[in-house]
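Written out below as structure tokens is the structure these notes cover.
Note that the structure is predicted; figures quoted are calculated from it, not measured. Sequence lines set the chain letters: A, B, ... in the order given, protein chains first and strands last, and positions in each chain run from 1. Heavy atoms only: backbone and side chains are in, while hydrogens, waters and symmetry mates are out.
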Amino acid sequence: MPELPEVEIVRSGLNRLIIGLEVENIWSDWPKNFPNSEGDVNNFLINSKINAVGRRGKSLIIDLNTNYSLITHLKMTGQLVFEGKEHFGAGHPSSSLLGPLPDKSTRVVISFKDGAKLFFNDQRKFGWMKLVPTSEVKNNEFIKGLGPEVLSDDFGSQNFIRHMRSRPNSQIKAVLLDQKVIAGVGNIYSDESLWMAKIHPASIVKDISEKKLDNLFNSLVEVMRESIKKGGSTDRNFVDFEGKKGSYLNFAKVFRREGQACPRCGREIKKIRVAGRGTHICEYCQRISVK
DNA sequence: CACTTGACCTGTCCGC
DNA sequence: TGCGGACAGGTCAAGT
């Protein structure tokens with residue numbers, strides 16, 4: 001599921017809802033999802049208070065007042081859903097995919113002293129939570145390898161182009177998806193932004209003009225900002241911090257629209273494979289770049 | 001170095 | 001209705 005916009009939606013929602021809550025208890029059924037849940041958790045998570053909820057690329061970082069932080073990655077099917085006191089017995093909104101929680105995909109439950117709960121659901125069990133000292137978050141083996149934040153104010157087209165150019169012989173889609181180059185882009189927003197910028201995903205970076213890469217940066221920022229406004233993309237599993245689906249895919253131009261008409265030229269959208277991923281393009285609008 | 005494949009898991013969909 | 005295969009928003013390891 002979650003790419004940068006979806007994770008950002010969860011982050012901002014949790015940041016409103018769980019700051020200051022005090023952890024009473026924690027439950028986990030699947031050690032791979034929470035590998036150190038047997039060790040430091042009792043000392044550093046139980047009785048701690050939530051200080052802040054941050055994000056780095058597609059990772060969420062929940063800071064505690066014990067100088068520990070909980071790094072969470074939702075991978076393909078992870079969900080982080082909060083149920084406050086007011087939710088009890090009320091179920092989820094009609095725009096939800098969820099029934100009562102916990103359900104059979106629930107891997108971790110964090111209970112707070114006021115009765116609220118935070119559920120980490122993950123059908124495919126690829127996601128994880130890890131408790132690390134806050135001072136070591138930046139040096140975490142996963143976090144430290146990430147490239148810059150695409151949507152940060154001090155990033156920008158020139159930096160974007162420079163980072164893309166660092167992989168001159170690769171296909172542009174593979175570079176967009178490489179979290180070490182820039183952080184946060186996944187399959188949906190790479191397809192959408194490449195369509196908008198009229199670039200074929202298999203184009204080799206060194207063959208793509210400055211102008212097109214500039215367009216790509218602006219397209220990427222636009223599609224991700226728009227998605228955040230629309231509640232993110234729910235392909236199958238994504239729900240936000242209160243269980244609601246996102247509506248962005250109703251507005252997507254090519255993603256999962258093979259067989260439909262390209263909104264720009266009317267020709268049929270095709271599905272191909274690029275960088276090992278299902279890839280949606282208009283072959284007419286998006287030609288392979290040739291230098 | 002860059003690309004491909006397979007692995008990690010479960011669920012769903014499609015064709016026979 | 002059942003069964004097998006392909007595929008799914010992400011990342012990592014290993015092979016060519």
> Are A/His73 and C/dG10 close enough that a side-chain N or O sits under 4.0 Å from OP1 or OP2?
Replying inline: no

>> Below the 4.0 Å mark, does B/dC9 have OP1 or OP2 next to a side-chain nitrogen or oxygen of A/Arg107?
In response: no

>> Using modelled atom types and a 3.5 Å cut-off, is there a donor and acceptor pairing between side-chain atoms of A/Arg107 and backbone atoms of A/Asp122?
In response: yes

>> If the cut-off is 4.0 Å, is A/Lys271 near the phosphate of C/dA8, judged by side-chain N/O to OP1 or OP2?
In response: yes

> Nearest to the side chain of A/Lys58 - B/dC9, C/dT11, C/dG9?
Replying inline: C/dT11

> What pattern of brackets, bars and dots sums up DNA chain B from 5' to 3', given Watson-Crick or G-U wobble pairs under 3.5 Å, [ ] for crossing pairs and | for another strand?
Replying inline: .|||||||.|||||||

> Has A/Arg277 got a side-chain N or O lying under 4.0 Å from the OP1 or OP2 atom of C/dG10?
Replying inline: yes

> Is the backbone N or O of A/Lys198 less than 3.5 Å from a side-chain atom of A/Lys212, with the two atoms forming a donor-acceptor pair by type?
Replying inline: yes

> When all nucleic acid strands are considered with a 4.0 Å heavy-atom cut-off, which category describes A/Asp235: base, sugar-phosphate, or nothing?
Replying inline: base

> Mind checking whether A/Tyr189 and A/Tyr248 have ring centres under 6.0 Å apart?
Replying inline: yes

>> Tell me whether the side-chain N/O atoms of A/Lys125 come closer than 4.0 Å to OP1 or OP2 in B/dT10.
In response: yes

Can you give each donor-acceptor pair under 3.5 Å made by side-chain atoms of residues 283-291 of chain A, sequence neighbours left out, with the distance rounded to 0.1 Å?
unit_1, atom_1, unit_2, atom_2, d
A/Glu283, OE1, A/Lys270, NZ, 3.2
A/Gln286, OE1, A/Cys282, N, 2.9
A/Gln286, NE2, A/Leu194, O, 3.4
A/Gln286, NE2, A/Ile199, O, 2.9
A/Arg287, NE, A/Glu283, O, 3.3
A/Arg287, NE, A/Tyr284, O, 2.8
A/Ser289, OG, A/Ser203, OG, 3.4
A/Lys291, NZ, A/Lys206, O, 3.2

> Looking at the side chain of A/Lys104, which of B/dT10, C/dG9, B/dG11 is the nearest nucleotide?
Replying inline: B/dG11

>> So, does A/Lys32 get its side chain near the phosphate of B/dC9, meaning an N or O under 4.0 Å from OP1 or OP2?
In response: yes

> Taking A/Asp191 for the side chain and A/His280 for the main chain, is one N or O donor matched with an acceptor at less than 3.5 Å?
Replying inline: yes

> Do any side-chain nitrogens or oxygens of A/Arg124 fall under 4.0 Å of OP1 or OP2 in C/dG9?
Replying inline: no

> Counting distance only, does the side-chain N/O of A/Glu268 pair as donor-acceptor with the main-chain N or O of A/Glu258 below 3.5 Å?
Replying inline: no

Can you pull every protein N or O that's under 3.5 Å from an N or O on nucleotides 3-6 of chain B?
unit_1, atom_1, unit_2, atom_2, d
B/dC3, OP1, A/Asn169, O, 3.1
B/dC3, OP1, A/Gln171, N, 3.4
B/dC3, OP2, A/Ser170, OG, 3.2

> Under 3.5 Å, is there a donor-acceptor pair between the side chain of A/Gln260 and the main chain of A/Ile269?
Replying inline: no

> Of the nucleotides C/dC12, C/dC7, C/dG9, which one has an atom closest to the side chain of A/Phe255?
Replying inline: C/dG9

> Contact class for A/Gly278 vs. all strands (heavy atom < 4.0 Å): base, sugar-phosphate, or nothing?
Replying inline: sugar-phosphate

>> Expressed as a whole number of angstroms, how long is the span from A/Gln123:CD to B/dC9:C1'?
In response: 9 Å

